[in-house]
Protein chains: 2
Amino acid sequence: MHVKRRYHHGSLKQALVDAAIELLAEGGPSALTLTEAARRAGVTPAAPYRHFSGRDALLAELARQGFETFGERIEAAWDEGRPDAQAAMRAMCGAYLKFAREEPGLYAAMFGQAATLADPGAGGAADHALEILWRAVVAWLQEAGAPAQGARHVAMQIWALAHGVAMLAISGHLDPCKTADPALVLEGAVQGVMAAAGKAKT
Amino acid sequence: MHVKRRYHHGSLKQALVDAAIELLAEGGPSALTLTEAARRAGVTPAAPYRHFSGRDALLAELARQGFETFGERIEAAWDEGRPDAQAAMRAMCGAYLKFAREEPGLYAAMFGQAATLADPGAGGAADHALEILWRAVVAWLQEAGAPAQGARHVAMQIWALAHGVAMLAISGHLDPCKTADPALVLEGAVQGVMAAAGKAKT
DNA sequence: ACCTGAACACCGTTCAAGT
DNA sequence: ACCTGAACACCGTTCAAGT
């Protein structure tokens with residue numbers, strides 16, 4: 001099933017990234033080992049250093065690709081709910097939590113410490129995801145007849161809300177409240193924030 | 001300056017915890033090493049295993065003590081703002097972000113993966129912190145003349161909000177919006193959520 | 001240009017042995 | 001009961017050497 005092994009792998013860089021995503025999904029951030037990723041790619045532990053300056057660089061590339069697919073999912077959910085801004089926002093929230101739940105390791109890598117700050121590519125991908133959220137907020141506010149001024153601030157609030165719910169759900173802190181479905185917690189709060197934003201400007 | 005070294009340290013467990021908190025503050029979660037903590041406590045790398053079953057157990061104890069002081073800070077802020085529920089809530093939010101900003105490593109350990117789920121003590125301390133927040137929400141709703149039903153749900157929303165803002169601030173994702181002061185983002189959103197909660201029940 | 005082989009420092013963990 | 005000493009497996013990283 002495996003392709004003919006040449007001395008030169010040919011696409012080692014992406015093979016390492018794919019293996020790393022697997023490891024992240026299987027055992028969380030601590031399971032992400034450069035050595036194990038190399039082993040799964042069929043090379044020695046020293047080989048990755050031709051493509052990444054170290055473990056942190058692999059993590060940054062992981063975060064970049066994570067933000068990329070994350071942005072695509074969010075954007076797809078937004079398009080799906082249009083032109084009803086409220087329905088689109090609800091779909092986005094659902095897609096957000098779905099991504100975090102299905103890829104907790106990747107999500108943690110994306111937001112883990114300064115991994116994204118170091119890599120400009122990852123930072124750009126993250127900014128792009130935020131842009132999508134920002135446009136959604138603007139559309140909602142316009143639909144509600146409220147001026148879009150301060151929409152970025154509101155977008156930040158909603159992002160923090162989604163991030164907080166996602167992280168608490170991943171770490172299991174949301175479970176004690178058995179009645180607390182993450183999606184409901186998020187949607188309810190988003191409604192509140194948006195209502196307040198609309199009224200404050202009217 | 002160091003006490004007379006006996007063969008039996010006497011209070012090694014707490015010494016390890018203190019050293020671990022230092023390491024967390026200095027270099028983040030990845031810098032927390034059982035071996036280095038032992039070194040700072042003046043014992044060999046094997047000594048900690050008489051007090052902790054492993055690195056994860058030390059992390060759980062760290063989370064427990066972190067939640068304990070965290071709960072105290074939150075409660076103190078609440079008492080400070082009383083009897084004005086809104087002012088008390090604002091003080092709590094400020095104390096929340098202050099703790100996360102001053103002890104980012106400890107905060108990360110408290111909410112990192114399943115560290116708290118494993119240890120019942122840490123889970124209890126976390127629940128206690130949530131209780132304080134819950135009582136604050138109830139008081140605010142009562143003051144606003146709204147029934148306190150669903151207050152736990154609202155408390156969860158506010159916790160998620162505070163957690164999200166704190167995490168985004170720590171990881172540097174809040175910086176791109178230069179105008180976004182974490183405290184302002186949090187306060188504004190809390191206002192919105194509380195206003196919506198008050199009106200939904202009236 | 002890309003990868004192997006061997007090496008070093010370091011960490012988590014175990015266990016027999018010391019006090 | 002508590003700690004040391006020695007040991008093992010494992011990982012990150014480097015570098016000279018191979019293709």
Side-chain angles (χ1 to χ4, degrees), chain A residues 2-24 26-63 105 108-109 112-115 118-119, chain B residues 2-24 26-63 105 108-109 112-115 118-119:
Chain A
H2 54 80
V3 292
K4 269 198 199 138
R5 183 74 55 69
R6 298 172 296 287
Y7 190 90
H8 294 76
H9 186 286
S11 57
L12 180 55
K13 185 167 182 175
Q14 189 58 40
L16 288 169
V17 169
D18 293 341
I21 291 179
E22 271 186 39
L23 292 172
L24 229 38
E26 290 172 13
S30 65
L32 171 48
T33 275
L34 210 47
T35 301
E36 180 61 25
R39 192 155 28 225
R40 295 205 181 187
V43 294
T44 61
Y49 288 85
R50 285 292 134 186
H51 302 277
F52 299 101
S53 63
R55 186 181 183 272
D56 289 349
L58 174 59
L59 251 148
E61 175 62 20
L62 230 53
Q113 295 297 79
D119 187 281
Chain B
H2 53 79
V3 292
K4 270 200 199 137
R5 183 73 55 67
R6 298 172 296 287
Y7 191 92
H8 294 76
H9 185 287
S11 57
L12 181 55
K13 186 168 183 176
Q14 189 58 39
L16 289 167
V17 169
D18 293 341
I21 291 178
E22 270 186 40
L23 292 171
L24 230 38
E26 290 172 12
S30 64
L32 171 48
T33 275
L34 210 47
T35 300
E36 180 61 26
R39 191 154 28 224
R40 296 204 180 189
V43 293
T44 62
Y49 288 85
R50 285 290 134 187
H51 302 276
F52 299 102
S53 64
R55 186 181 184 274
D56 289 350
L58 174 58
L59 250 147
E61 175 61 21
L62 230 52
Q113 295 296 80
D119 186 280

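A, B, ... follow the sequence lines: proteins, then strands. Residue 1 opens every chain. Worth knowing before you read on, the calculation uses all heavy atoms, side chains too, and leaves out hydrogens, waters and symmetry mates. Owing to the predicted nature of the structure, the values given are computational and were not obtained by experimental measurement.
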Handout entry: Under the 3.5 Å Watson-Crick or G-U criterion, the dot-bracket string of DNA chain D, with | for inter-strand pairs
Key = ||.|||||...|||||.||

Exercise for the section: Establish, with yes or no, whether the OP1 or OP2 oxygen of dC3(C) is under 4.0 angstrom from a side-chain nitrogen or oxygen of H51(A). Expected result: yes

Completion exercise
Shortest non-hydrogen pair, A37(A) vs L23(A), comes out as N-CD1, 3.8 Å

Completion exercise
Heavy-atom nearest pair, L16(A) first then A41(A), reads CD2-CB, 4.1 Å

Cut-off 3.5 Å, no hydrogens considered: what does the side-chain donor-acceptor table look like for residues 43-55 of chain A, sequence neighbours left out?
unit_1, atom_1, unit_2, atom_2, d
R55(A), NE, L32(A), O, 3.2
R55(A), NH2, P29(A), O, 3.4
R55(A), NH2, L32(A), O, 2.9

Practice task
Check every atom of dT4(C), dT13(D), dT4(D) against the side chain of A47(B) and return the nucleotide holding the closest atom.
Solution key: dT4(D)

Practice task
Give, for atom CG of D56(A) and atom CG of L62(A), the distance between the pair rounded to the nearest 0.5 Å.
Solution key: 12.0 Å

Problem - Point-to-point distance, once rounded to the nearest 0.5 Å, from CG of L24(A) to CG of L59(A) - result: 7.0 Å

Length of the line joining [X]:[atom1] and [N]:[atom2], which is rounded to integer Å:
| X | N | atom1 | atom2 | answer |
| --- | --- | --- | --- | --- |
| L58(B) | dG12(C) | CG | P | 10 Å |
| H9(A) | dA1(C) | NE2 | C1' | 16 Å |
| F52(A) | dA1(C) | CZ | C1' | 16 Å |

Handout entry: Test salt bridge (Lys or Arg N to Asp or Glu O under 4.0 Å) applied to E61(A) - qualifying residues, sequence neighbours left out
Key = R64(A)

Problem - Where at least one partner belongs to residues 12-24 of chain A, residue pairs that pass side-chain hydrogen bond (donor to acceptor under 3.5 Å, both in side chains), sequence neighbours excluded - result: Q14(A)-D18(A), Q14(A)-Q65(A), E22(A)-R40(A)

Practice task
Sugar-phosphate atoms are those with a prime plus P, OP1 and OP2; base atoms are the rest. Using that split, label each nucleotide of nucleotides 14-19 of chain C B, S or - for protein heavy atoms under 4.0 Å, 5' to 3'.
Solution key: BB--BB

Exercise for the section: Give, ordered by number, those residues of residues 30-39 of chain B having at least one heavy-atom distance below 4.0 Å to an atom of DNA chain C; if nothing qualifies, reply none. Expected result: T33(B), L34(B), T35(B), R39(B)

